[in-house]
Amino acid sequence: MVEIANAVGSGDVGVELDIAEVEADLPVPYTEYDPENYHGLYVRLVEDGPLITLYRSGKYIISGCSSFEELHETNRAFLQTLAELDIINSSIETGFTVQNVVCTGELQRSVNLNTLSIGLGLEVVEYEPEQFPGLIYRPPDFPAVLLVFANGNVVITGAADVETAEEAFNHLQTKVEGLLAD
DNA sequence: TTAACGTTTTCTTATATAGCCTGATACA
DNA sequence: TGTATCAGGCTATATAAGAAAACGTTAA
């Protein structure tokens, strides 16, 4: 069982934008545009809500969502806001897709990371405790990366959907039980 | 050797995780 | 002044975007 911590998606409204003008027109509680620091416009539709980064090209990224529902709802509300400002057509097709999902899971047991790194195979594992306390595992059959910690906590990232993250976690769990059976 | 151009890297954001380091504060 | 505790920042991972800087290569 894994839980979504962060979901990231991207889309394209298909029109070139004057970012400074969009920032001035947006009727939302939080916007930030500082081209000296970064060239993207940051938008939050609600305080402390998901972050939308909008670019001059019309492409945008939404991050900071804790569910797919929140991600798609944020996308819908953002496009509606732009449509109300006549920046885009309300029926526009943005090709919005989920790009990355970060999930957490628990193995329900402590893990000897040295033993695990040897068992999983050094070609698919990175473990340098002086540099980072977690073991980084790249399973060959799953498009995801897992960070495994000695207390059994796991972070799954790089997957485009929660099913892939769940499958990668289950694969790790099976491996751990086989390799570290008492 | 220098200029011009092309390619690569860095930056920024969100998020979980845990260990280490540094700085600030509190107390003896 | 010395020690203890706490908070915050850094380390690493993935991903999108695009500007800018830092490279590397080639030609004059």
Side-chain angles (χ1 to χ4, degrees), chain A residues 1-20 22-23 30-68 70-75 78 94-114 116-117 120 124-140 142-169 172-173 176:
Chain A
M1 182 65 184
V2 301
E3 268 183 41
I4 299 176
N6 183 28
V8 182
S10 66
D12 184 359
V13 298
V15 290
E16 285 272 327
L17 301 169
D18 182 330
I19 294 298
V22 173
E23 189 204 17
Y30 174 87
T31 61
E32 185 185 324
Y33 180 51
D34 180 8
E36 298 278 309
N37 183 47
Y38 192 63
H39 55 279
L41 165 66
Y42 297 129
V43 179
R44 286 183 210 274
L45 301 179
V46 293
E47 199 171 358
D48 296 326
L51 180 73
I52 302 160
T53 311
L54 180 63
Y55 298 93
R56 197 175 55 126
S57 63
K59 294 183 178 180
Y60 62 98
I61 302 165
I62 301 176
S63 62
C65 296
S66 54
S67 69
F68 285 98
E70 186 182 19
L71 182 61
H72 288 292
E73 174 54 30
T74 301
N75 181 49
F78 176 57
T94 65
F96 186 77
T97 50
V98 179
Q99 302 289 351
N100 183 30
V101 185
V102 181
C103 298
T104 57
E106 291 178 16
L107 293 170
Q108 312 282 2
R109 59 167 293 166
S110 59
V111 179
N112 184 319
L113 297 180
N114 283 311
L116 184 62
S117 65
L120 290 172
V124 292
V125 159
E126 286 175 42
Y127 180 47
E128 293 177 56
E130 300 85 7
Q131 198 171 5
F132 187 70
L135 177 152
I136 299 159
Y137 175 44
R138 291 183 170 81
F142 299 92
V145 176
L146 298 95
L147 284 69
V148 189
F149 298 90
N151 64 0
N153 285 340
V154 179
V155 176
I156 308 105
T157 186
D161 54 76
V162 74
E163 289 78 20
T164 301
E166 189 117 29
E167 285 171 12
F169 176 74
L172 172 72
Q173 205 161 29
V176 168

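Every chain is numbered from 1, with letters handed out A, B, ... down the list of sequences. From a predicted model like this one, the values you see are computed outputs, not experimental measurements.
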**Message:** Going 5' to 3' along DNA chain C, between which two nucleotides do contacts with chain A fall, using a heavy-atom cut-off of 4.0 Å?
**Reply:** C/dT11 to C/dA19
**Item:** A/Phe142: ring pair (Phe, Tyr, Trp, His ring centres under 6.0 Å) partners, not counting sequence neighbours
**Value:** A/His171
**Request:** Would you check, one step at a time, whether the test side-chain contact (heavy atoms from CB on, under 4.5 Å) holds for A/Tyr127 with A/Ile136?
**Result:** CA-CA 6 Å; A/Tyr127 180 47; A/Ile136 299 159; over 6 Å; no
**Message:** Looking only at side-chain N and O atoms, does A/Thr74 offer a donor or acceptor that is under 3.5 Å from a partner on A/Glu70?
**Reply:** no
**Asked** Closer to the 5' end of DNA chain C via nearest nucleotide, is it A/Val145 or A/Lys59?
**Response** A/Val145
**Asked** In Å and rounded to the nearest 0.5 Å, what is the CD to SG distance from A/Glu73 to A/Cys65?
**Response** 10.0 Å
**Within residues 41-57 of chain A or reaching into it, pairs that qualify as side chain to side chain donor-acceptor pair (under 3.5 Å) - sequence neighbours excluded** = A/Tyr38-A/Tyr55
**Item:** Rounded to 10 degrees, the angle between the two terminal axes of the helix from B/dT1-C/dA28 to B/dA28-C/dT1, each from five pairs
**Value:** 80°
**Asked** Base, sugar-phosphate, or nothing: which does A/Glu3 touch, judged by heavy atoms less than 4.0 Å apart?
**Response** nothing
**Prompt:** Using a cut-off of 4.0 Å between protein heavy atoms and nucleotide atoms, how would you tag nucleotides 13-21 of chain B 5' to 3' with B, S and -?
**Reply:** SBBBBBS--
All N/O donor-acceptor pairs, side-chain side in residues 94-107 of chain A, below 3.5 Å, sequence neighbours left out:
residue: A/Thr94; atom: OG1; partner: A/Tyr60; partner atom: OH; Å: 3.3
residue: A/Thr94; atom: OG1; partner: A/Phe96; partner atom: N; Å: 3.4
residue: A/Thr97; atom: OG1; partner: A/Gln99; partner atom: NE2; Å: 3.1
residue: A/Gln99; atom: NE2; partner: A/Ser10; partner atom: OG; Å: 2.8
residue: A/Asn100; atom: OD1; partner: A/Gly158; partner atom: N; Å: 2.8

**Item:** Distance (rounded to the nearest 0.5 Å) between A/Leu41 CG and A/Asp34 CG
**Value:** 11.5 Å
**Prompt:** Which distance, rounded to the nearest 0.5 Å, do you find between the CG of A/Leu147 and the CZ of A/Phe149?
**Reply:** 5.0 Å
**Prompt:** Reckon A/Ser66 touches a base, only the sugar-phosphate, or nothing at all at heavy-atom distances under 4.0 Å?
**Reply:** nothing
**Request:** Measure the CG-CG distance between A/Leu172 and A/Leu146 for me, rounded to the nearest 0.5 Å.
**Result:** 5.5 Å
**Distance, nearest 0.5 Å, that separates CD of A/Glu23 from CG of A/Asp18** = 10.5 Å
